[in-house]
Amino acid sequence: IRRFDLATQTAGIQFSMGQDPLFGGTFKANDIAVLPDNSNSIAVARHITASPPQACVAIYDNGVMRTTTTPGHIVASSFLAFSQNANLLYGGGFDSGLNTMTIDANGVSITSTTPYRVGPNIEFKNGLVYSSRGQVVDPASGALVGTFSNIPSFGATMTVDLALGRIFFASDNFSNIVISAYDINTFLPVGQITLPFGGSVTRLLRWGPNGLALRALSNNEGKLYLIQSALVSGAAPVPTGIQVGVGTMTVFEGNGRVDLPVIRTGDLSGESFISYATSNGTANERTDYTTSLGRLLFGPGESTKTIRVFI
């Protein structure tokens with residue numbers, strides 16, 4: 001684990017969590033939560049290379065672990081969120097219910113557990129715990145406050161915006177990422193957008209007046225996407241973006257041609273155009289392909305076009 005100072009853009013302390021004495025291998029940090037008002041101390045959901053992978057939750061102060069940790073196996077938490085109090089931590093995952101943990105000078109202990117399995121992430125906001133499986137729990141009483149509908153059973157990465165009164169879920173349907181918005185007071189859906197790319201979403205955050213930032217993993221490559229949409233807020237205009245719909249394409253020379261999809265996103269109410277031209281890379285013009293150049297015009301409401309290259 002390594003600390004990084006955002007203000008100075010410099011790396012700080014780095015430490016290892018050591019080796020698992022039972023199964024071997026290095027402990028891995030599945031999730032990290034910084035203690036409120038104390039950036040030198042963190043709670044870590046430690047994982048191991050076993051099934052189930054949960055090792056324990058531990059507290060580290062400048063890289064030094066406090067003595068008391070939670071039990072491991074299915075009772076341990078994989079995902080963490082602090083309350084407003086640095087002595088009160090919440091956690092859960094796919095195997096355990098929602099754990100309430102207390103922190104003292106010796107370490108961390110589980111004090112209570114609700115039956116709600118929260119999935120791949122949780123957030124504590126305004127006295128409530130929001131889960132990636134759609135449940136909203138009052139951790140003080142252990143009561144279920146409500147549930148957002150149609151969330152995948154394995155959960156969806158989410159983020160809560162109290163000022164907008166909305167919660168956003170991002171899930172992958174194998175070919176596209178779908179972002180769904182709900183009203184956090186009525187639990188009713190507000191709408192959804194389908195992004196023109198897929199990937200396993202590992203993080204979702206709000207930014208700006210109408211933006212979402214998401215990190216997605218596809219083909220063992222992580223990418224960061226910045227999205228602006230009226231689904232988030234109509235308080236600011238949404239720009240128009242145009243991009244090639246695929247990173248790479250494989251085609252046999254015998255096919256004679258290849259069609260490249262071009263996708264327009266954002267505000268589609270007006271016209272947009274781009275100019276394009278092919279250029280040599282590992283292939284040469286004339287011997288491997290025929291030069292293609294021109295202009296693509298998107299009419300109002302149009303989101304896709306195609307560039308054709310003869311080979």
Side-chain angles (χ1 to χ4, degrees), residues 1-21 25-50 52-113 118-132 139 155 157-160 202-206 213 215 217 222 224:
I1 296 175
R2 184 160 216 173
R3 184 169 61 205
F4 189 84
D5 190 308
L6 295 177
T8 62
Q9 296 287 293
T10 56
I13 186 173
Q14 177 175 302
F15 63 92
S16 170
M17 293 184 292
Q19 302 287 313
D20 174 39
T26 303
F27 284 116
K28 299 177 181 178
N30 190 71
D31 198 14
I32 297 173
V34 180
L35 271 69
D37 301 319
N38 184 0
S39 60
N40 293 320
S41 299
I42 58 175
V44 181
R46 303 200 306 182
H47 272 202
I48 55 176
T49 53
Q54 300 95 308
C56 67
V57 175
I59 306 298
Y60 290 85
D61 304 299
N62 288 317
V64 179
M65 190 182 79
R66 298 184 192 180
T67 305
T68 303
T69 64
T70 70
H73 208 252
I74 61 173
V75 301
S77 298
S78 294
F79 304 95
L80 306 171
F82 269 100
S83 70
Q84 296 172 331
N85 185 341
N87 296 323
L88 196 58
L89 176 69
Y90 303 109
F94 295 100
D95 297 310
S96 64
L98 176 64
N99 291 323
T100 296
M101 294 166 275
T102 56
I103 297 172
D104 58 25
N106 295 318
V108 56
S109 303
I110 298 174
T111 55
S112 65
T113 303
V118 299
N121 74 299
I122 61 173
E123 285 192 28
F124 177 85
K125 297 282 187 178
N126 201 28
L128 299 174
V129 172
Y130 292 81
S131 91
S132 55
T157 306
M158 55 90 189
T159 188
V160 181
T202 58
R203 192 73 185 271
L204 182 67
L205 294 172
R206 272 278 292 115
R215 183 179 63 201
L217 181 66
L224 174 65

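What you see is a predicted model; the values in this text were computed from it and never measured.
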Using modelled atom types only, decide if a donor and an acceptor are shared between the side chain of Ser132 and the backbone of Asn121 within a distance under 3.5 Å.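 Confirmed, Ser132 side chain pairs with Asn121 backbone.
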Quick one: does Thr26's side chain have a donor or acceptor within less than 3.5 Å of a partner on Met17's backbone?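 Pair absent, no side-chain N/O of Thr26 close to backbone of Met17.
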Under the side chain to side chain contact (heavy atoms under 4.5 Å, CB included) test, which residues partner [X], sequence neighbours left out?
| X | answer |
| --- | --- |
| Ala105 | none |
| Ile13 | Arg3, Asn62 |
| Asp20 | Leu22, Phe23, Phe27, Ile48 |

Roughly how far apart are [X] [atom1] and [Y] [atom2], rounded to 0.5 Å?
| X | Y | atom1 | atom2 | answer |
| --- | --- | --- | --- | --- |
| Met101 | Phe82 | CE | CZ | 8.5 Å |
| Thr157 | Leu204 | OG1 | CG | 7.0 Å |
| Leu205 | Leu224 | CG | CG | 9.0 Å |
| Leu217 | Thr202 | CG | OG1 | 7.0 Å |
| Asn30 | Arg46 | CG | CZ | 13.0 Å |

Taking every non-hydrogen atom, the tightest pair across [X] and [Y]:
| X | Y | answer |
| --- | --- | --- |
| Gly91 | Leu80 | CA-CD2, 4.2 Å |
| Arg66 | Gly107 | CB-CA, 3.7 Å |
| Ser78 | Gly93 | CB-CA, 4.5 Å |
| Phe124 | Pro139 | CE1-CG, 4.2 Å |
| Val44 | Ala29 | CG1-CB, 3.8 Å |
| Ala45 | Val57 | CA-CG2, 4.4 Å |

Answer yes or no: does atom CG of Asp5 have more than 12 heavy-atom neighbours from other residues, nucleotides or ligands under 6.0 Å?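 Atom CG in Asp5 is packed in, count exceeds 12.
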Do other residues, nucleotides or ligands put more than 12 heavy atoms under 6.0 Å from the CG atom of Asp37?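 No, the 6.0 Å shell around CG holds no more than 12 heavy atoms from other groups.
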Identify the residue among Thr70, Asn99, Asp31 that makes a side chain to side chain donor-acceptor pair (under 3.5 Å) with Ser77.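 By the side chain to side chain donor-acceptor pair (under 3.5 Å) criterion, Ser77 pairs with just one of Thr70, Asn99, Asp31: Asn99.
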Pairing residues for Asp104 by the side-chain hydrogen bond (donor to acceptor under 3.5 Å, both in side chains) criterion, not counting sequence neighbours: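 Expected list: none.
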After noting the C-alpha distance and the side-chain angles of Gln9 and Phe4, does the key distance pass the side-chain contact (heavy atoms from CB on, under 4.5 Å) rule? CA-CA 7 Å; Gln9 296 287 293; Phe4 189 84; 4.1 Å; yes
Any pair with a residue in residues 80-96 that passes side chain to side chain donor-acceptor pair (under 3.5 Å), sequence neighbours left out, goes on the list, sorted by first then second residue, please.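 Matches after skipping sequence neighbours: Gln54-Asp95.
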Among residues at least two apart in sequence or on other chains, which ones pass salt bridge (charged side-chain N to carboxylate O under 4.0 Å, His left out) with Arg206?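 With neighbours one apart ignored, the set is Asp161.
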Which of these, Thr102, Thr100, Leu98, sits in a side chain to side chain contact (heavy atoms under 4.5 Å, CB included) with Ser112?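 Looking at Thr102, Thr100, Leu98, the match for Ser112 under the side chain to side chain contact (heavy atoms under 4.5 Å, CB included) is Thr100.
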